[in-house]
Amino acid sequence: MGKIDQLKIEIEQLPEQEFSELVRWRSEKDWARWDLEIEADSRSGKLDFLVLEEADAKSKGKLSGLRVPIGSGLHR
């Protein structure tokens, strides 16, 4: 049996609280990796097209204000 298969068996046997902690930890790792990818793409210019699209939409009056939910922490 391979290492991954053994880990799957062990994960399935975890108590619910420990499983939830593992899922939370894995999710945080995924988001951190995603953040690094976004930052690298931004630095390399791969996301410049988004700025151009925004400027084009704004110049054509097609851009509306961003609606941010209260309590999201994104209000300034």
_Result of checking Gln17, Glu18, Glu16 against Ser20 for side chain to side chain contact (heavy atoms under 4.5 Å, CB included)_ = Glu16
If you look only at distance, which donor and acceptor atoms sit under 3.5 Å apart when one is on a side chain in residues 21-34 and the other is two or more places apart or in another chain?
from	atom 1	to	atom 2	distance (Å)
Arg26	NE	Asp30	OD1	3.3
Arg26	NH2	Asp30	OD1	2.4

*What distance separates Glu53 CD from Leu47 CG, expressed to the nearest 0.5 Å?*
11.0 Å
*Hey, what do you get for NZ (Lys46) to CG (Asp48), rounding to the nearest 0.5 Å?*
12.0 Å
Going by atom type alone, with no hydrogens or angles, which donor-acceptor pairs under 3.5 Å involve a side-chain atom of residues 2-10 and a protein atom two or more places apart or on another chain?
from	atom 1	to	atom 2	distance (Å)
Gln6	NE2	Glu10	OE2	3.2

*asked:* To the closest 0.5 Å, what do you measure between OG (Ser59) and CD (Glu54)?
replied: 9.5 Å
